[in-house]
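In what follows, a structure is listed as structure tokens, so that the remarks can point back to it.
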Amino acid sequence: MKVLDAEFVKGFMRMADDGWRQGWHERNGGNLSYRIKPEEVESVREELIPGEWKPIGASVPKLAGEYFLVTGSGKYFRNVTIKPEDSFCIIELDGMGENYRVCWGLVNGGRPTSELPSHLMNHEVKLLASNGKHRVIYHAHPANIIALTFVLPLTDEAFTRELWEMATECPVVFPAGVGVVPWMVPGGRDIAVATSELMKQYDVAIWAHHGMFASGEDFDLTFGLMHTVEKSAEILVKVRSMSPTKLQTITPDEFRRLAKDFGVDLPEKFLFEKD
Ligand code: 13P
Ligand code: ZN
């Protein structure tokens, strides 16, 4: 089968286009990766032509030999559906998880996203934490969550609690909460280490003054997670724009009742009393 006819590739392209339409991908902002299933790799094998091995910039031994769909560095999400062969690629990792080679795509040159270390380190953490279920790592630049990183304390507790309060579905969609990475230089191993450390606990990591990472089992769940967090952030921005204080909100005990009825565990560290 041709790469562009494969369902997993169509799902990848649709998700990238959905993100573009949400306004989360100005210019080349954001990047997306998918850990391809072995049978999916085989289904497109006829089109895979391995290039040169190149260093990943991080070591991900548990991902040795895996294949990924990943957006290209400097490529625009806007163009993913318009010129797919130019915008993303399939890469294969070597037996040590230290080098990659492009096997398809990026026909006009270039390399996988500069955030490849973050993507792959997150994939490695999630492979273990989810028993292999998580396959999608998504980085976007949604305006409301970024805006909140200027006015909320940069703690997991402050962000999780405020986001949960903004919509009743939030604690059900991300019961583990969200992690926050302080401002760091993007594109390297250090921010990848910090992000993947948070991904051991959470499916969402917020990068201060930059954007957000989300992890999930498939394209729908991962896009839906990003969308839910950003929607909640948008409500908080509206609330704060109207008034510095809330007249009423969801209380810790109400969260506990919700957790019981919906069968989710909400960590008590997020259900603190506010003064
Ligand atoms: P890339 O174009 O290298 O994917 O970088 C975009 C980005 O959002 C960096 O954080
Ligand atoms: Zn970014």
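In each ligand, atom 1 is the first atom listed, and ligand 1 is the first ligand listed. Since the structure is predicted, the reported quantities are computational estimates derived from the model, not experimental observations.
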Hey, is ligand 1 close enough to P186 that some N/O pair sits below 3.5 Å? no
Near E115 (heavy-atom distance under 4.0 Å), the atoms of ligand 1 are 9 (C), 10 (O)
Per-atom contacts, ligand 1 versus N28 - under 4.0 Å to a heavy atom: 1 (P), 2 (O), 5 (O), 6 (C)
For the ring pair H139 and H119, is the centre-to-centre distance below 6.0 Å? no
Pull out every atom of ligand 1 sitting under 4.0 Å from any heavy atom of T113, numbered as shown with elements. 1 (P), 3 (O), 4 (O)
Is any side-chain heavy atom of V229 less than 4.5 Å from a side-chain heavy atom of F174? yes
Is the positively charged end of R27 above the ring of Y76, judged by distance under 6.0 angstrom from the centroid and angle within 45° of the axis? no
Please find out if less than 6.0 Å separates the ring center of F223 from that of W24. yes
For H141, atoms of ligand 1 separated by under 4.0 Å from a heavy atom: 8 (O)
Under 4.0 Å from a heavy atom of H139: give me the atoms of ligand 1 that qualify, with their elements. 8 (O), 10 (O)
Presence of salt bridge, K231 and E169, under 4.0 angstrom: no
Which residue in the set V178, T228, I235, L163 passes side chain to side chain contact (heavy atoms under 4.5 Å, CB included) when paired with C170? T228
Distance-only donor-acceptor check, side chains D218 and Y34, under 3.5 Å: no
Give a yes or no answer on whether the side chain of T222 reaches the backbone of S215 with a donor-acceptor pair at less than 3.5 Å. no
So if I count the atoms of ligand 1 from 1 in the order they appear, which ones are less than 4.0 Å from some heavy atom of H210? 10 (O)
Looking only at protein heavy atoms, which one is nearest to atom 7 (C) of ligand 1, and how far off is it? N31 ND2, 3.4 Å
Under 2.8 Å from the Zn ion (ligand 2), which protein N, O or S atoms do you find? Ignore water molecules. H139 NE2, H141 NE2, H210 NE2
Counting from 1 in the order shown, the ligand 1 atoms closer than 4.0 Å to a non-hydrogen atom of G74 are 1 (P), 2 (O), 3 (O)
So which heavy atom in the protein is nearest atom 5 (O) of ligand 1, and how far is it from that ligand atom? S114 OG, 3.4 Å
F12 and F88: aromatic ring centres closer than 6.0 Å? yes
If you measure from OG1 on T195 to CE on M212, what distance do you get to the nearest 0.5 Å? 13.0 Å
Name the orientation class of the two ring planes belonging to H25 and F77 (parallel below 30°, tilted from 30 to 60°, perpendicular beyond 60°). parallel
